[in-house]
Amino acid sequence: MNKSRTTFAITIMIGSLLMTQNVNYAESVYERAVTTTVDSEQPHRSTVAETEETEASPEQKTTESIQADADPSITKELANQAASHNVITVPDGMEAIAENEELILYLQPETTEIATLDKQHGEIWFSNPQDREQDAIATGYNKSQLNVQLELTYYDNAGNALKYDNYTHSVQSGQFEIEKVEDGVNIVYTLGEVKSDIEAIPKYISEERFRTLILEKLEEKDQKELEKRFRYDEQNKRYERRDSSLKGVGLSKVTRILESIGYDEVQIAIDKEAYGEGESGLENVVVPVHYRLEDGRLRVSIPEGGIQYPDSMKIQSLSLLPFFGASGPSEEGYSLVPDGSGSLIYFNNQKTHASPYSTTLYGGDHAVNQLTQIQKEQKARIPVYGMSYGDKGYLAIIDKGDAVASVEADISGRLNQYNTVHSSFTLSSMEEVTLTNGWRSSTVKRFQAQPFHNEMAVVFEFLGADNASYSGMASTYRDYLVEHKQLTRLADDTALPFYVELIGGIPKKKFFLGIPYNAYEPLTTFEEAQEILKEMQSYGVSDIQLRYSGWFNGGIQHDMPQSIAVDKKLGGAQGLQSLQAYTEQNGFGFYPDVSFLEVFPEAKAFKKSYASRQVTGKLAQLFPYRISTFTRDEEASPGYVVSPQAVPGIVDGFMQDYTRLGLSGLSLRDFGDQLNSDFNRTNVVNREQTKKVVVEQLEQLHRSDASLLVEGGNVYASAYTRHIVDAPMSNSGFNITDESVPFFQLVYHGYIQYAGKAWNMADDQDSLVQMLRAIETGSAPYYTWFYADPSAIKMTGFDELYSADYRRWIQESAERYEQISDVLNDVQNQTIVKHEKLSDGVYQTTFEKGKTVMVNYNDVAANINGVSVAAKSYRVGGGDMPE
């Protein structure tokens with residue numbers, strides 16, 4: 001099929017070369033070939049409008065002589081030249097509407113589908129499959145969906161779930177407007193059933209108004225015309241519209257006559273209201289979509305406040321360009337999705353038994369009613385997705401609205417023959433409420449009071465063969481963060497860190513004469529923390545980055561942090577400052593931990609006004625989940641979600657005390673991990689607005705010269721931190737995905753230092769496997785420890801800390817750190833330029849200056865291209881390349 005297309009394109013090219021060369025691609029109404037030579041310094045450019053004639057070039061004159069002579073041998077030579085070029089076929093009817101040095105944007109005015117020609121790499125990308133009419137799998141509705149550029153899901157007043165798409169409910173009925181603008185085009189869709197033009201004329205008009213307001217203002221000829229189209233109802237003293245006569249020319253005449261005398265929408269409304277003739281009840285939605293060529297990228301956006309619809313509609317979500325770049329059943333490659341560290345879904349993997357991929361960026365919203373049972377999955381930390389065909393690809397960056405966005409992907413064979421990946425945006429949250437009246441009960445839906453109205457935008461980066469891999473996509477996204485989000489490189493002398501979290505104090509139930517009371521259990525005092533650090537130094541561990549949790553306001557589940565009271569049982573403020581001084585003297589990082597986005601159970605100083613509300617109006621509570629069953633423990637005391645509106649005041653109060661203590665580092669438990677809404681009906685704060693609040697607080701902390709460590713690593717925190725712990729190291733293992741890749745690590749290495757989950761708290765506590773994974777992904781070791789005897793955590797609800805006794809791990813951790821440091825210490829400020837799977841269980845990582853590390857996870861030795869790697873081992877190769 002591809003060969004036939006190439007042959008056809010070459011034929012078109014030869015034909016175009018034999019014709020006059022003054023071609024304007026913007027005027028394309030017939031199928032034509034746009035020829036691009038990738039090696040050319042100045043790629044061929046088509047122009048949107050060309051008004052000046054230019055003198056024929058030598059090539060044109062030569063072509064004219066060829067055309068006159070029609071020499072068969074020269075024609076054959078032209079065919080050979082065409083075959084050596086990368087020939088791009090632009091479909092019939094597509095018009096070039098914008099162009100810059102890198103891209104040309106095309107539009108099909110009849111269907112509103114778009115195409116983007118990447119001139120640098122000689123590839124064209126379509127919003128919809130061009131061979132969709134030949135799809136043998138899709139039928140009916142699914143076949144129609146292949147024409148869609150956007151789709152809305154919504155609920156009507158009766159609670160029915162419905163869908164609107166721009167093809168079925170707008171394009172087919174011609175309900176859209178196209179406006180060409182600089183560098184792109186705006187398309188405004190009106191989605192909904194078409195209203196007949198006759199509905200603009202009232203069904204009834206009173207006799208008095210019809211005669212005085214209309215007939216008396218008309219000439220005799222027009223009076224007779226109107227009297228033919230309206231029937232006089234003598235009994236009711238009114239004129240009734242004759243629908244049978246108001247068609248075609250007759251309707252046009254009446255409309256023209258009424259407009260000529262100023263019978264406008266105001267008068268129409270008066271007459272309709274007089275006889276109870278309301279609107280038809282048809283639900284219409286206006287959605288503007290903007291396409292722009294910017295900085296070598298295609299930006300697709302829906303502007304802030306752009307979507308307009310009646311209050312009776314409750315729009316849930318919007319899917320944007322669901323078939324952009326879709327691949328067919330014979331093509332090879334994969335979709336990249338941001339599942340955990342990153343996942344690949346191979347084209348045509350035949351997993352139609354598995355559910356399609358769908359994940360919310362940055363994890364769930366805790367202000368939405370919690371599930372009674374959760375699924376263990378990795379959060380999507382980076383707002384990107386993409387496709388790789390091997391020799392070409394694209395990366396899509398969700399630039400605006402990412403806090404309410406999801407990424408969805410599917411494979412061929414389920415609904416159609418295409419592999420797809422795209423973004424969708426949640427505009428309104430919904431919860432169900434059960435109402436009970438005696439023995440009867442019913443369930444009703446409650447919707448978010450103020451729907452999402454901020455801008456939504458996706459930026460497409462087009463990649464050639466050199467970058468059309470997940471490694472290339474990571475490099476492209478990193479460049480984007482450097483350009484737009486102020487991501488900065490690590491210093492040349494940056495060493496490999498050893499991350500350790502020490503647990504200070506925890507709450508514990510104790511009993512006096514059989515009466516339970518809340519007590520405080522110290523696990524690691526400030527003095528004991530220094531002992532652990534000294535012991536680590538004795539084992540040769542350097543560059544320690546200490547995260548200290550549970551140090552103030554009652555321990556690890558601290559009270560409201562709008563002020564700081566250092567826990568006395570740990571050593572008080574004096575002990576804290578002594579530990580701070582020790583870390584400074586030894587060049588260690590020190591990061592006391594705090595949580596700002598949730599209130600822990602029974603926290604002091606908590607007020608209900610601090611808490612977010614659910615859609616139902618209830619306080620947004622947080623119940624712990626049982627690790628063994630992943631079910632909610634409703635017998636436990638709940639915590640609460642802090643409203644984003646309360647966060648700035650809490651942070652300000654905290655920072656006043658923090659500054660007085662002389663601290664220089666801070667660990668943020670949730671600023672890089674959570675985004676929660678507040679559905680308070682008087683003032684809804686959506687997740688995008690919450691993200692803005694969090695970023696503002698991060699900026700404030702950054703300006704205070706606090707060195708920040710964050711947990712999780714959501715991308716909006718990347719510009720403000722140098723350290724990430726509990727970063728995703730794998731994917732969620734969804735059935736539809738095929739492979740986990742370290743996309744997260746490929747983006748950040750050389751710019752931010754990171755570690756995964758604490759090694760002794762992970763599901764797999766095999767330190768050898770953990771070490772191999774760290775070497776493969778450029779990660780640092782990370783442990784969670786405490787000093788006290790493990791019996792101290794009995795009857796506390798912190799059973800998961802049983803493996804945190806530091807004595808069990810310290811010597812082994814030092815040995816692993818030394819091994820990792822030998823490999824990674826000299827590449828800390830270098831990017832990872834390539835990561836690849838060499839065979840099952842064998843991976844290779846290549847750093848910026850040429851150093852390579854081959855890791856073998858298998859139980860037997862591996863031999864790859866003559867290079868042998870022992871079982872459960874690694875091999876270092878390459879080296880620093882000359883600058």
Side-chain angles (χ1 to χ4, degrees), residues 340-341 376 378 495-503 523-524 532-547 549 588 627 711 723-731 733 740 742 744-745 749 753-787 790 793 799-825 827-828 835 841-845 853-862 869-876:
S341 63
K376 189 175 183 181
Q378 297 285 334
L496 177 73
F498 182 105
Y499 294 107
V500 59
E501 177 187 27
L502 297 181
I503 307 297
L523 297 184
T524 311
I532 294 175
L533 295 178
K534 289 176 182 177
E535 191 171 348
M536 292 173 68
Q537 287 177 289
S538 71
Y539 283 112
V541 178
S542 59
D543 203 77
I544 298 171
Q545 303 297 320
L546 171 60
R547 182 189 192 193
S549 300
F588 301 155
I627 296 177
E711 182 176 313
H723 302 282
I724 299 173
V725 296
D726 206 10
M729 298 298 291
S730 62
N731 63 6
S740 171
F744 182 98
Q745 289 75 15
H749 198 276
Q753 294 181 299
Y754 49 82
K757 190 175 180 66
W759 289 17
N760 60 315
M761 307 298 289
D763 294 336
D764 184 356
Q765 296 184 3
D766 185 337
S767 67
L768 175 58
V769 173
Q770 298 276 18
M771 182 191 72
L772 294 177
R773 187 173 293 114
I775 290 174
E776 178 201 350
T777 60
S779 304
Y782 177 40
Y783 287 85
T784 293
W785 293 337
F786 62 80
Y787 186 91
I793 62 174
D799 293 348
E800 72 273 12
L801 293 179
Y802 269 120
S803 61
D805 178 4
Y806 89 99
R807 299 167 189 83
R808 294 173 51 190
W809 303 97
I810 188 166
Q811 182 174 352
E812 182 184 60
S813 69
E815 294 170 355
R816 295 303 186 199
Y817 173 73
E818 182 180 4
Q819 291 174 287
I820 300 171
S821 184
D822 287 344
V823 179
L824 299 180
N825 200 61
V827 295
Q828 286 302 292
H835 176 272
V842 182
Y843 300 87
Q844 180 167 289
T845 303
V853 183
M854 190 182 299
V855 175
N856 178 17
Y857 291 97
N858 298 310
D859 293 326
V860 296
V869 186
K872 292 285 180 69
S873 186
Y874 61 92
R875 184 185 183 97
V876 180

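Residues take their numbers from the sequence shown, with the count starting at 1.
Between Thr777 and Gln745, the side chains place no donor N or O within less than 3.5 Å of an acceptor N or O (distance only, hydrogens not considered). At a cut-off of 3.5 Å, with distance as the only test, a side-chain donor of Arg547 or Tyr782 sits close to an acceptor on the other residue. Using modelled atom types and a 3.5 Å distance limit, the side chains of Glu776 and His835 yield a donor-acceptor pair.
Nearest approach of Pro790 to Tyr802, heavy atoms of both residues: O-CE2, 3.9 Å. Here the closest heavy-atom approach between residue Ala755 and residue Ala780 is recorded as CB-O, 3.3 Å. Nearest heavy atoms, Gln378 versus Gly340: CB-CA, 3.5 Å.
The backbone N or O of Met761 lies less than 3.5 Å from no partner atom in the side chain of Ser803, so there is not a single donor-acceptor pair. Asp805 places a side-chain N or O within donor-acceptor distance of the main-chain N or O of Arg807, the cut-off being under 3.5 Å.
Contact annotation: the side chain of Ser542 never approaches that of Phe498 to less than 4.5 Å [non-hydrogen atoms, C-beta and beyond].
Aromatic ring centres of Tyr787 and Tyr806: separated by under 6.0 Å.
None of Asp763, Asp726, Asp764 except one satisfies the side-chain contact (heavy atoms from CB on, under 4.5 Å) rule with Lys757; the exception is Asp726.
Between Tyr754 and Phe744, the ring planes lie perpendicular to each other; the angle is over 60°, past the 30° to 60° tilted range.
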